[in-house]
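Below, all heavy atoms of this structure are taken into account, side chains as well, without hydrogens, waters or symmetry copies.
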Amino acid sequence: MEIFRHKTAIKRYQYSTPIKWLWKFGYLDTNSDHSIFDYGCGQGDDLDLMKESGVRAEGWDPYFQPDNRQVNSDIVNLGFVLNVIEDKNERIETLKKAYDLCNKILVVSVMIGDTSSEEKYTHYKDGIVTSRNTFQKYYSQKSFKEFI
């Protein structure tokens, strides 16, 4: 089965939820000196918005921005990345890589769901394949905590 991970990267016109929370709690305030690295930044919309606001932001994505450097930063955002990786060992390695790049704060966000949301899709490994041939691993709060 061919999985198209890059199709999960949506076009954003406003900040993703993890980035909104960082703003809300003052970590990305324009007076803040925090640098941020968006690991798995997709099309880079969060990056563009942060840079426009004066935040020192960089990012990397294996499909959309593979030539960007992976750099250590005060904050590393791993937003909605782990849930689109169909191989559990690769998820673990991705989490470790993001952690290694982090100087102060690691933000890890995943899709939370229940089994009823999975019933209409094809099961694959420990998740589902959507109609667009993307993989989604829905976590419960408990399973996400155990994974971390």
Side-chain angles (χ1 to χ4, degrees), residues 3-118 121 125-130 132-148:
I3 302 296
F4 301 115
R5 289 182 188 172
H6 67 281
K7 288 187 175 184
T8 62
I10 61 172
K11 179 73 179 153
R12 295 188 183 283
Y13 299 96
Q14 60 182 357
Y15 289 118
S16 65
T17 301
I19 300 300
K20 284 180 187 176
W21 282 102
L22 287 168
W23 276 104
K24 180 177 179 174
F25 289 105
Y27 293 105
L28 296 182
D29 185 293
T30 52
N31 296 323
S32 166
D33 194 31
H34 290 114
S35 59
I36 183 166
F37 183 76
D38 195 354
Y39 191 113
C41 64
Q43 298 180 37
D45 299 319
D46 275 336
L47 285 176
D48 293 340
L49 291 167
M50 286 187 283
K51 287 178 182 179
E52 287 172 14
S53 296
V55 174
R56 291 185 300 138
E58 296 187 56
W60 173 87
D61 186 90
Y63 184 84
F64 292 99
Q65 314 223 14
D67 296 329
N68 290 5
R69 295 179 321 125
Q70 295 180 20
V71 298
N72 283 76
S73 295
D74 297 326
I75 301 168
V76 173
N77 177 47
L78 188 62
F80 307 110
V81 171
L82 298 176
N83 53 284
V84 303
I85 299 173
E86 66 276 10
D87 180 82
K88 184 176 181 177
N89 291 327
E90 187 179 348
R91 274 183 236 140
I92 293 167
E93 288 307 309
T94 299
L95 179 60
K96 287 178 180 179
K97 286 179 186 176
Y99 178 81
D100 288 342
L101 293 171
C102 178
N103 295 335
K104 295 179 182 177
I105 300 168
L106 177 61
V107 178
V108 184
S109 307
V110 295
M111 297 296 291
I112 302 294
D114 57 36
T115 54
S116 65
S117 63
E118 297 179 7
Y121 297 105
K125 297 190 177 184
D126 63 348
I128 53 107
V129 175
T130 69
R132 298 175 58 212
N133 277 26
T134 63
F135 176 83
Q136 287 290 332
K137 162 76 173 147
Y138 291 104
Y139 288 86
S140 67
Q141 291 286 346
K142 181 181 178 187
S143 66
F144 183 53
K145 181 179 177 182
E146 289 169 353
F147 175 76
I148 297 294

Visitor: Using the rule given for salt bridge (Lys or Arg N to Asp or Glu O under 4.0 Å), can you reason through Glu86 versus Lys137, listing the C-alpha separation, both sets of side-chain angles and the distance that settles it, and then say yes or no?
Guide: CA-CA 8 Å; Glu86 66 276 10; Lys137 162 76 173 147; over 6 Å; no
Visitor: Under 3.5 Å, sequence neighbours excluded: what are the donor-acceptor pairs made by side chains of residues 106-113?
Guide:
none

Visitor: Check whether any side-chain heavy atom of Thr94 lies under 4.5 Å from a side-chain heavy atom of Ile92, and answer yes or no.
Guide: no
Visitor: Indicate yes or no: at least one non-hydrogen side-chain atom of Glu58 is less than 4.5 angstrom from one of Asn68.
Guide: no
Visitor: Is the closest side-chain heavy-atom distance between Thr134 and Arg5 below 4.5 Å?
Guide: no
Visitor: So Asn133 and Ile3, side-chain contact (heavy atoms from CB on, under 4.5 Å) or not? Walk me through it.
Guide: CA-CA 5 Å; Asn133 277 26; Ile3 302 296; 5.6 Å; no
Visitor: Does Lys7 count as lying over the ring of Phe4, i.e. NZ or CZ under 6.0 Å from the six-ring centre, within 45 degrees of the axis?
Guide: yes
Visitor: Does the distance from a Lys or Arg side-chain N to an Asp or Glu carboxylate O, for Asp126 and Arg91, drop under 4.0 Å?
Guide: yes
Visitor: Applying the side chain to side chain contact (heavy atoms under 4.5 Å, CB included) test to Cys41, which of Asn77, Asp46, Leu47 qualifies?
Guide: Leu47
Visitor: State the CG-CZ distance between Leu28 and Arg56, to the nearest 0.5 angstrom.
Guide: 11.0 Å
Visitor: About how many Å separate NZ of Lys20 and CG of Leu22, when rounded to the nearest 0.5 Å?
Guide: 12.5 Å
Visitor: Would you check if the side chain of Asp74 reaches a backbone N or O of Ser35 as a donor-acceptor pair within less than 3.5 Å?
Guide: yes
Visitor: Please report the C-alpha distance between Phe37 and Trp60 in whole Å, then the side-chain angles of each, then the deciding distance to 0.1 Å, and finally whether the ring pair (Phe, Tyr, Trp, His ring centres under 6.0 Å) criterion is met.
Guide: CA-CA 8 Å; Phe37 183 76; Trp60 173 87; 7.7 Å; no
Visitor: Using side-chain heavy atoms (C-beta onward) and a distance below 4.5 Å, is Ile85 in contact with Phe135?
Guide: no
Visitor: Can you measure from CG (Asp100) to CD (Gln70) and round to the nearest 0.5 angstrom?
Guide: 10.5 Å
Visitor: Do Ile36 and Val76 touch side chain to side chain, with heavy atoms closer than 4.5 Å?
Guide: no
Visitor: Can you sort out the partners of Lys11 under side-chain contact (heavy atoms from CB on, under 4.5 Å), two or more places apart, ordered by chain and number?
Guide: Tyr13, Gln43, Asp45
Visitor: Applying side-chain contact (heavy atoms from CB on, under 4.5 Å) to Ile75 and Lys104, what does each step give before you reach the verdict?
Guide: CA-CA 6 Å; Ile75 301 168; Lys104 295 179 182 177; 5.7 Å; no
Visitor: Rounded at 0.5 Å granularity, tell me how far OG in Ser73 sits from CD1 in Ile105.
Guide: 11.5 Å
Visitor: Given side chains that start at C-beta, do those of Phe80 and Asn83 come closer than 4.5 Å, heavy atoms only?
Guide: yes
Visitor: Counting heavy atoms not belonging to Lys125, are there more than 12 under 6.0 Å from its NZ?
Guide: yes
Visitor: Would you please test Asp48 and Arg12 for salt bridge (Lys or Arg N to Asp or Glu O under 4.0 Å) and show each step?
Guide: CA-CA 10 Å; Asp48 293 340; Arg12 295 188 183 283; over 6 Å; no
Visitor: Would you give the length of the straight line joining atom CG of Leu82 to atom NZ of Lys88, rounded to the nearest 0.5 angstrom?
Guide: 12.0 Å
Visitor: Distance from His6 atom NE2 to Thr8 atom OG1, nearest 0.5 Å?
Guide: 9.0 Å
Visitor: With side-chain contact (heavy atoms from CB on, under 4.5 Å) as the criterion, how do Ser53 and Trp23 come out once you've worked through the C-alpha distance, each side chain's angles and the decisive distance to 0.1 Å?
Guide: CA-CA 11 Å; Ser53 296; Trp23 276 104; 3.9 Å; yes
Visitor: For the pair Met50 and Tyr15, evaluate side-chain contact (heavy atoms from CB on, under 4.5 Å) and give the outcome as yes or no after the intermediate values.
Guide: CA-CA 8 Å; Met50 286 187 283; Tyr15 289 118; 3.6 Å; yes
Visitor: Test the Lys142-Phe144 pair against the cation-pi criterion, namely NZ or CZ under 6.0 angstrom from the six-membered ring centroid and within 45° of the ring axis.
Guide: no
Visitor: Taking C-beta and beyond as the side chain, do Tyr39 and Asp61 meet within less than 4.5 Å on heavy atoms?
Guide: no
Visitor: Is any side-chain heavy atom of Val71 closer than 4.5 Å to a side-chain heavy atom of Leu101?
Guide: no
